[in-house]
Amino acid sequence: MKVWCLFLTLIHAGVALSPPKPILQCDPVFLNVSGTVWKPYKLHPNPKYRQLVLEGAAKIQDEVLHRMALKIADVGTFIWVKNASTLSVVEEAATNSPCDHIIGVVLHGMHKSDCSSRQFQPISAKTYQESYIDPLQNILKANPRTAFAIIVEPDILSTIVVNSDIQSCRSLATSFDINMAYALNALSAPNAVLYIDAGHGGWLGWDANLKPGADYFASVYKNAGYPSQVRGFAVNTGGWNSWDSQPGEFATTREAPRNRAQNEKTFVRLFGEMLGQAGVPNHAIMDTSRNGVIGLREDWTEWCNVDGAGFGKLPTSEGTGLELADAFVWAKEGGISDGTSDPSSPSYNSFCGRATAFKPSPEEGEWNQAYFEMLLQNANPVIN
Ligand SMILES: *[C@@H]1O[C@H](CO)[C@@H](O)[C@H](O)[C@H]1NC(C)=O
Ligand SMILES: *[C@@H]1O[C@H](CO)[C@@H](O)[C@H](O)[C@H]1NC(C)=O
């Protein structure tokens, strides 16, 4: 803890200790994003998720599973900022994290519904800026001795590229361009590294989407004025895809010949090369929180509470086997529901009722103990 560094300093100086105060004793952070930040820094456990995991662990009778659950409490996991109230969790983490930890934040303020649906309403620039970006920027400024890694807006860029023929998605693009430029500038603080979410191989990995995706990414980056702290892109955020399975989970489908990105490693390589050619920072992080088991879905579009899933590789910068891939991270908080399986709920999405989705599942954002225990049981590699 930061207070701990203070203790050492005081003991060393022979000063009598007064009650500990959260005085930060870490050095100011300047992240040089021409290199990876995942060697010096380790992902910090999300304090809110940690609490849920500890409560979940307390309910487990089986000794082996209980011990596994306790291990998860200490795994670094991103904090999802979906509304202004979750910003307090980011503040809490920033205040208490050790000097060599980096706070992971998934900025998820824009995507309130699917842009291809008729009800879709893009968020206004004013609401977006005032509710999400300005407060998050203030947290970065107030914690100059804490490092932050931010995944910017899961799925949005890919949604726009893939649905470019749908009018409501074009209107999302207009608001996205404005909001992204604002967000990337505001959050491009010396103590932050930014990864723009690029979906996964099942979206931008199609031969027909790679180039438009990279071009759009480049235009967003340029439009924002080349913000200094962008390191590249995030893949598989909240997703289920394999990093390097061969030939790939959906490689035998009829459409497969039109998509070479049958695993995320290939997607990062193909998309990263294209971004590099477009003059855009092109290093990636990959969410491995729930991809321990593959082969569970009927198709790539299934995103909700996949049944039979297991925790995947723990966060690490080792072993990606690709210079463009900085690290495996846990972006999704495994055990938190993606959406309710109750068809009578106003927020019900039919993907959460599919044959391959876990049931029953509570509303999005709520804890699902049974799902958490399944992730533990099916973890690959095994948690020990
Ligand atoms: C950042 O790192 C690169 C090499 O990785 C180096 O060339 C550059 O001078 C560094 N920038 C700063 C501001 O330290
Ligand atoms: C904000 O998000 C959190 C986590 O998803 C949720 O528990 C909470 O109810 C939300 N608050 C509001 C005001 O929507």
Side-chain angles (χ1 to χ4, degrees), residues 2 5 24-44 76 78 90 94 97-107 133 136-153 180-198 214 217-235 237 243 264-288 313 315-329 331:
K2 279 162 187 162
C5 314
L24 308 183
Q25 288 295 300
C26 312
D27 291 330
V29 175
F30 296 97
L31 299 177
N32 181 347
V33 306
S34 11
T36 178
V37 306
W38 301 97
K39 302 270 187 232
Y41 290 102
K42 216 177 128 187
L43 190 58
H44 186 63
F78 277 64
V90 181
S97 62
C99 298
D100 64 346
H101 278 200
I102 188 163
I103 314 286
V105 175
V106 179
L107 172 63
I133 307 307
L136 187 52
Q137 181 188 34
N138 289 339
I139 293 174
L140 300 184
K141 281 189 181 157
N143 295 279
R145 293 160 195 271
T146 304
F148 295 85
I150 307 176
I151 295 176
V152 184
E153 296 296 352
M180 274 299 270
Y182 189 87
L184 293 175
N185 271 301
L187 305 178
S188 208
N191 53 332
V193 56
L194 309 178
Y195 293 90
I196 300 170
D197 192 86
F217 202 106
S219 83
V220 162
Y221 175 67
K222 284 173 192 163
N223 192 30
Y226 308 95
S228 64
Q229 298 307 104
V230 174
R231 167 79 175 156
F233 59 110
V235 300
T237 305
W243 174 242
E264 294 300 290
K265 188 177 182 181
T266 312
F267 176 54
V268 167
R269 185 172 55 73
L270 294 172
F271 194 61
E273 280 167 5
M274 231 163 240
L275 286 177
Q277 283 160 19
V280 180
N282 63 347
H283 284 80
I285 51 174
M286 152 91 180
D287 184 1
T288 54
K313 277 208 176 89
T316 177
S317 60
E318 304 293 325
T320 67
L322 193 65
E323 195 279 328
L324 288 177
D326 285 343
F328 300 129
V329 299

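Throughout, numbering of the chain's residues begins at 1 and tracks the sequence. Just follow the structure's listing: the first ligand is 1, and inside any ligand the first atom is 1. Being a predicted model, the structure only gives us computed values, none of them experimental.
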Visitor: Give the residue and atom name of whichever protein heavy atom lies nearest to atom 13 (C) of ligand 1, and the separation in Å to one decimal.
Guide: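 Scanning the protein heavy atoms, the shortest distance from atom 13 (C) of ligand 1 goes to N32 ND2, 4.6 Å.
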Visitor: Can you check whether V37's main-chain N or O pairs, donor with acceptor, with D326's side chain at less than 3.5 Å?
Guide: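 Absent.
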Visitor: Please name all residues satisfying side-chain contact (heavy atoms from CB on, under 4.5 Å) with S188, sequence neighbours left out, ordered by chain then number.
Guide: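 Counting only residues at least two positions away or on another chain, S188 forms a side-chain contact (heavy atoms from CB on, under 4.5 Å) with L194, P227, S228, Q229.
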Visitor: Which heavy atom of S97 sits nearest a heavy atom of A94, and at what distance?
Guide: OG-O, 3.7 Å
Visitor: So, for atom 11 (N) of ligand 1, does the protein have a heavy atom nearer than 4.0 Å?
Guide: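 Protein heavy atoms within 4.0 Å of atom 11 (N) of ligand 1 - there is at least one.
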Visitor: Counting non-hydrogen protein atoms only, what is the nearest one to atom 4 (C) of ligand 1? Give residue, atom name and distance.
Guide: S34 OG, 4.4 Å
Visitor: Consider side chain to side chain contact (heavy atoms under 4.5 Å, CB included). Of N282, T36, N32, which one does R231 pass it with?
Guide: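 Single pass found, and it is T36.
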